[in-house]
Amino acid sequence: MNLIRTVVLLLLALPAMAQRPIDFSPFEWPENGSIVIPVAEGETLTGLAAELDERTGGAIAMAVAEARFTGEKAQTLTLFGVKPYARVDLIGVGSDAVDRVGAEDFGGLAAGLNDGTSGTTVQILWSGVAREDDATAARVAFGYRLGDYRFDRYQEERLDPTTRGSVRVLSDDADAASQFAGDLEHVAAGVYLARDLCSEPGNIIYPQSFVDRVRAQFDGLKNVKIRVLDEKDLKRLGMGAHLGVGSGSSRPPRLLVIEYFAGGDRPTLALAGKGITFDSGGVSLKGNDGMWMMKGDMTGAAVVSSTVLAAARRGAPVNVVALAALAENMPSGTAIRPGDVLTSMSGKTIEINSTDAEGRLVLSDAVHYAHVEYSPAVLIDVATLTGSVGRAVGPDYAGLFSQQDDLAVQLLEAGAATGEEMWRLPLNDSYFEQLESDVADVKNGGKGGAGASVGAAFIGSFVGEGQVWAHLDIAGVDYTEEPKPTTPKGFTGWGVRLLDEYLRRHYE
Ligand code: BES
Ligand code: ZN
Ligand code: ZN
């Protein structure tokens with residue numbers, strides 16, 4: 001029995017292991033093979049590009065002129081057979097000193113260019129351009145790892161990461177290897193887990209299998225305690241809102257609680273995530289266009305679980321707890337209907353206006369539970385809550401809602417540092433007023449256009465008195481059509497980097 005369990009756990013853990021090896025060495029010019037170099041924007045070639053031009057008898061200057069390559073940020077040019085190199089990737093880094101996100105983007109672009117290469121070592125030269133202190137070689141490697149992500153496990157032509165060749169970053173950053181292997185590699189593992197969970201289809205990832213997948217990742221990590229609340233537990237706790245959402249599915253709901261307490265008497269951060277493993281809309285059924293994307297409606301739960309995974313893997317001295325509110329929203333004879341009244345754990349009753357506004361229902365119980373169980377210093381919920389947020393701020397920002405200015409500013413700053421940015425949207429009393437119901441204490445949808453703010457207000461109605469709280473609506477950023485340097489097309493795992501940074505800044 002134990003052997004079977006071990007084998008199953010190993011299989012579950014597999015997708016996050018076996019990545020391309022990335023190592024580091026002191027800067028020197030490679031003698032041959034494949035190289036990637038940064039090129040600063042300007043009239044003439046400078047830094048490594050100028051040196052390479054000299055080494056190749058003027059071939060680089062000729063190529064960039066012919067290709068109109070200026071070194072503008074994110075511009076790339078690949079040359080083959082420029083002796084003595086089989087392949088040269090030039091990547092523009094712009095004219096300003098490269099910052100942390102710039103270094104990550106450089107690494108991510110290198111990964112994108114070398115996507116199909118196998119067997120060879122990609123040699124990335126990280127020197128010769130102006131850069132800020134935190135634009136390190138480890139950041140380049142981190143960006144490479146993030147940009148190298150792919151979800152191809154169901155495709156015949158899937159790539160075996162172990163045969164894809166290795167990556168070497170050549171720089172004079174002395175502690176690059178330890179900053180990467182001991183730290184940033186773990187954040188990347190968190191992002192990978194989040195992306196995997198979201199990309200998996202709804203027939204594979206449902207509440208219990210989400211729990212199993214995540215639990216396997218925490219195997220052997222210190223200071224971690226995992227609790228799984230099943231339907232009986234949810235009933236005992238009076239979580240009628242969460243149970244209601246799950247009642248239409250043959251796959252029962254779960255509340256996954258991951259405690260990582262390694263911070264002694266430091267304050268606790270609680271993170272609650274919307275974990276709808278598939279959102280059909282329920283009886284208020286969605287149209288079929290794009291409905292497949294609702295397999296990713298558990299991004300919030302994936303992101304909060306993965307943030308705690310990253311913290312536990314890197315052994316951060318923090319106290320953080322993730323709550324993944326898991327359910328599948330399906331129409332059936334046992335599903336909830338518009339007009340139904342549910343009683344939440346807080347005792348507040350909820351009239352169902354639309355069964356498609358289900359995320360706020362599971363979160364109403366999760367945020368209440370987080371408050372009474374942990375009295376956290378700060379509570380943040382993360383959810384693909386509304387289509388409305390995407391219409392308001394587009395794909396470059398998540399919506400941030402908070403009535404505490406300090407917390408909002410801290411999150412905005414962490415977002416700017418990581419490139420996972422938010423735009424703060426209003427959460428005034430008027431949005432709470434829209435939730436008044438004729439038959440219950442509140443209803444789960446309002447009228448009018450400010451859907452993202454109304455959704456935030458609904459969750460806010462269940463946040464305990466005095467609880468410092470923020471809500472992140474990530475429905476516009478959880479998936480990208482347009483590949484970006486560190487987020488290939490597909491589910492992005494948006495929020496792991498942001499929350500990891502926020503933890504480092506304010507809890508370590
Ligand atoms: N999961 C959706 C929100 C969503 C939409 C996420 C698009 C990602 C992309 C959510 O459960 C939902 O259906 N929200 C409704 C709320 C409405 C019924 C009040 C919406 O946004 O239309
Ligand atoms: Zn919905
Ligand atoms: Zn949803």
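When a residue number appears, it is its place in the shown sequence, counting from 1. One-based numbering, in listed order, for ligands and for the atoms of each. The structure presented is a predicted model; accordingly, all values stated were derived computationally and were not measured.
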Checking contacts here: is it the side chain or the backbone of [X] that comes within 4.0 Å of ligand 1, counting heavy atoms only? Could be both or neither.
X	answer
Met298	neither
Asp356	both
Arg360	side chain

ask   = How about Tyr192 and Tyr149: are their ring centres within less than 6.0 Å of each other?
value = yes
inquiry  = Taking the ring centre of each residue, are Phe458 and Tyr431 less than 6.0 Å apart?
reply    = no
query = So which N/O/S atom does Asp279 have closest to the Zn ion (ligand 2)?
reply = OD2
Can you check whether [Y]'s main-chain N or O pairs, donor with acceptor, with [X]'s side chain at less than 3.5 Å?
X	Y	result
Thr487	Thr492	no
Asn319	Arg266	yes
Gln404	Trp469	yes
Arg227	Leu255	no

query = So, for atom 22 (O) of ligand 1, does the protein have a heavy atom nearer than 4.0 Å?
reply = no
ask   = Between Tyr144 and Glu104, do the side chains contain an N or O donor and an N or O acceptor separated by less than 3.5 Å?
value = no
Of all the non-hydrogen atoms in the protein, which one sits nearest to [atom], and at what distance?
atom	value
atom 2 (C) of ligand 1	Asp279 OD2, 3.6 Å
atom 20 (C) of ligand 1	Gly387 N, 4.0 Å
atom 18 (C) of ligand 1	Ser354 OG, 3.6 Å
atom 17 (C) of ligand 1	Ala357 CB, 4.3 Å

ask   = How about Asp297: does one of its N, O or S atoms come closer than 2.8 Å to the Zn ion (ligand 2)?
value = no
query = For the atom pair CG (Asp297) and OG1 (Thr384), what is the distance rounded to the nearest 0.5 Å?
reply = 3.5 Å
Under a 4.0 angstrom heavy-atom cut-off, which atoms of ligand 1 come close to [X]?
X	answer
Glu358	11 (O)
Asp297	1 (N)
Lys286	2 (C), 12 (C), 13 (O)

query = Between Asn329, Leu385, Asn353, which one has a non-hydrogen atom sitting closest to atom 10 (C) of ligand 1?
reply = Leu385
message = Tell me whether ligand 1 is touched by Met294 - counting only heavy atoms on the residue side and a distance under 4.0 Å.
response = yes
task = Identify, by name, the N, O or S atom of Glu358 lying closest to the Zn ion (ligand 3).
result = OE2
